[in-house]
Each structure stands twice: as structure tokens, then as C-alpha cells.
Engineer: 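Mind having a look at this structure? Questions to follow.
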Amino acid sequence: MKRLPVALCCLLATLAARAGEGFHAESFHARNCTGCHDTSVYTRPDRRVNSLPRLESQVRMCDANLGIKLLDDEIEALVDYLNRNFYKLAR
Ligand code: HEC
């Protein structure tokens with residue numbers, strides 16, 4: 001029965017990751033958001049996003065492409081992560 005605790009732990013981690021509070025924008029991004037483009041699209045000179053509302057709608061579009069259906073506060077956490085690390089748009 002050595003495997004049971006491991007499975008339980010993974011299940012709990014998955015649930016926590018979906019619960020908003022345990023959502024880690026940085027690791028989520030690294031795992032799910034770098035398949036189609038890398039982070040250079042966020043800082044290229046002709047990037048398309050130039051305001052926070054645009055950043056949010058772009059994140060929603062990419063989420064829709066992925067089919068993950070993130071919760072609103074997860075979208076918000078991702079927007080915040082991208083803005084703090086790449087976009088640096090004024091609030
Ligand atoms: C299914 C492929 C795909 C996945 C997965 C994906 N994206 Fe994108 N993303 C795109 C495409 C295509 C563009 C447009 C690139 C371009 O204009 O050259 C884009 C552009 C963007 C931009 C705008 C870049 C700019 O020009 O300012 C942001 C921000 C972004 N994605 C965020 C995300 C985030 C966050 C995730 C993870 C939730 C994600 N993407 C996952 C396809 C994807």
C-alpha cells in the first residue's frame with residue numbers, strides 16, 4: 001500500500017491548485033503557457049498588449065485556446081504575474 005499516500009497527495013495538490021489560493025501563476029505559466037510562444041512575445045518591440053484590459057483579454061483568449069477554463073482570480077493572478085515580470089503597465 002505504499003502508493004496510496006502518493007496518489008492522495010497528488011489529488012490534493014491538484015485540488016489545491018484549482019482552488020484559487022493555491023494557484024501559482026509562475027509555475028502554471030511555465031507549465032501551460034509556453035507551448036505556443038515563449039516569454040519573448042511579452043517584451044518584443046511590436047507586442048500587441050499595451051494596457052491592462054488588453055492583457056486580461058489576451059490571457060482569456062489564450063486560456064480559451066488551451067481549453068483550461070481558468071477561474072477569474074486565476075486569470076487575475078496570471079495578468080498580475082505577466083505585468084509584474086514583463087509588461088510593467090501602469091495600474
Ligand atoms: C494554443 C497556443 C497558445 C497557448 C497555449 C498560449 N498562447 Fe498566448 N498567444 C498565442 C498566439 C498565437 C498569440 C499571438 C502571437 C502573435 O501575435 O505573434 C499569443 C499571444 C499572447 C500574448 C500577447 C503578446 C503580445 O503581443 O503582447 C499574451 C499576453 C499571451 N499570449 C499570454 C498567454 C498565457 C498567459 C498563456 C497561458 C494561459 C498562453 N498565452 C498560452 C497562442 C497561445
Side-chain angles (χ1 to χ4, degrees):
M1 294 299 280
K2 262 194 134 169
R3 295 183 64 86
L4 187 60
V6 175
L8 196 62
C9 159
C10 290
L11 177 67
L12 290 177
T14 310
L15 291 176
R18 296 296 317 188
E21 287 207 336
F23 180 79
H24 289 295
E26 184 169 4
S27 49
F28 178 89
H29 181 274
R31 247 178 293 133
N32 300 286
C33 303
T34 51
C36 299
H37 49 71
D38 62 18
T39 59
S40 68
V41 291
Y42 308 145
T43 51
R44 58 190 174 166
D46 62 338
R47 69 185 183 189
R48 294 188 312 173
V49 167
N50 49 23
S51 71
L52 281 174
R54 286 213 53 174
L55 182 55
E56 181 180 330
S57 63
Q58 181 67 52
V59 171
R60 286 187 187 280
M61 257 164 54
C62 284
D63 171 46
N65 280 332
L66 267 169
I68 290 184
K69 298 200 173 75
L70 290 167
L71 305 172
D72 279 353
D73 45 353
E74 294 170 343
I75 297 275
E76 219 172 277
L78 270 176
V79 166
D80 194 55
Y81 163 74
L82 292 176
N83 194 41
R84 264 185 294 116
N85 291 282
F86 303 104
Y87 284 95
K88 307 198 192 292
L89 300 161
R91 288 252 156 214

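Quick caveat: nothing in here was measured; it's all calculated off a predicted structure. The analysis underlying the following values was restricted to heavy atoms, covering all of them including side chains, and did not include hydrogens, waters or symmetry mates. Position 1 is the first residue of the sequence; numbering continues from there.
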Engineer: So with a 6.0 Å cut-off around CD of Glu76, is the heavy-atom count from everything else above 12?
Structural biologist: no

Engineer: Out of curiosity, Asp63 CG to Ile68 CD1, how far, rounded to the nearest 0.5 Å?
Structural biologist: 6.5 Å

Engineer: Please test Arg47 against Val41 for side-chain contact (heavy atoms from CB on, under 4.5 Å), starting from the C-alpha separation and ending with a verdict.
Structural biologist: CA-CA 6 Å; Arg47 69 185 183 189; Val41 291; over 6 Å; no

Engineer: Where do Ala25 and Ala77 come nearest, in terms of heavy atoms and distance?
Structural biologist: CB-O, 3.5 Å

Engineer: Give the intermediate values and the outcome of side-chain contact (heavy atoms from CB on, under 4.5 Å) for residues Phe23 and Leu78.
Structural biologist: CA-CA 9 Å; Phe23 180 79; Leu78 270 176; 4.1 Å; yes

Engineer: Can you tell me how far apart OH (Tyr87) and CD (Gln58) are? Round to the nearest 0.5 Å.
Structural biologist: 7.0 Å

Engineer: If you apply the rule side-chain contact (heavy atoms from CB on, under 4.5 Å), what do you find for Glu56 with Leu82, and how did you get there?
Structural biologist: CA-CA 10 Å; Glu56 181 180 330; Leu82 292 176; over 6 Å; no

Engineer: What pairs meet the ring-ring contact (aromatic ring centres under 6.0 Å, His included) rule with one or both residues in residues 45-76, with sequence neighbours excluded?
Structural biologist: none

Engineer: Output the distance between atom CG (Asn85) and atom CD (Glu26), rounded to the nearest 0.5 Å.
Structural biologist: 6.5 Å

Engineer: Going by side chain to side chain donor-acceptor pair (under 3.5 Å), name the residues that satisfy it together with Arg31, two or more places apart in sequence or in a different chain.
Structural biologist: none

Engineer: To check you understand the geometry: which heavy-atom pair defines the closest contact between Leu89 and Asn83, and what is its length?
Structural biologist: N-OD1, 2.6 Å

Engineer: Minimum heavy-atom separation for Arg84 and Lys88, please, with both atom names.
Structural biologist: O-NZ, 2.8 Å

Engineer: For a side-chain contact (heavy atoms from CB on, under 4.5 Å) with Arg60, tell me which candidate from Leu70, Val79, Asp72 qualifies.
Structural biologist: Asp72

Engineer: Would the Tyr81 and His24 ring centres measure less than 6.0 Å apart?
Structural biologist: no

Engineer: How long is the straight-line distance from CE of Met61 back to CZ of Arg54, given to the nearest 0.5 Å?
Structural biologist: 8.5 Å

Engineer: Between OG of Ser27 and CG of Asn32, what distance do you get to the nearest 0.5 Å?
Structural biologist: 9.0 Å

Engineer: When rounded to the nearest 0.5 angstrom, what distance separates SG in Cys33 from CG in Asn65?
Structural biologist: 11.0 Å

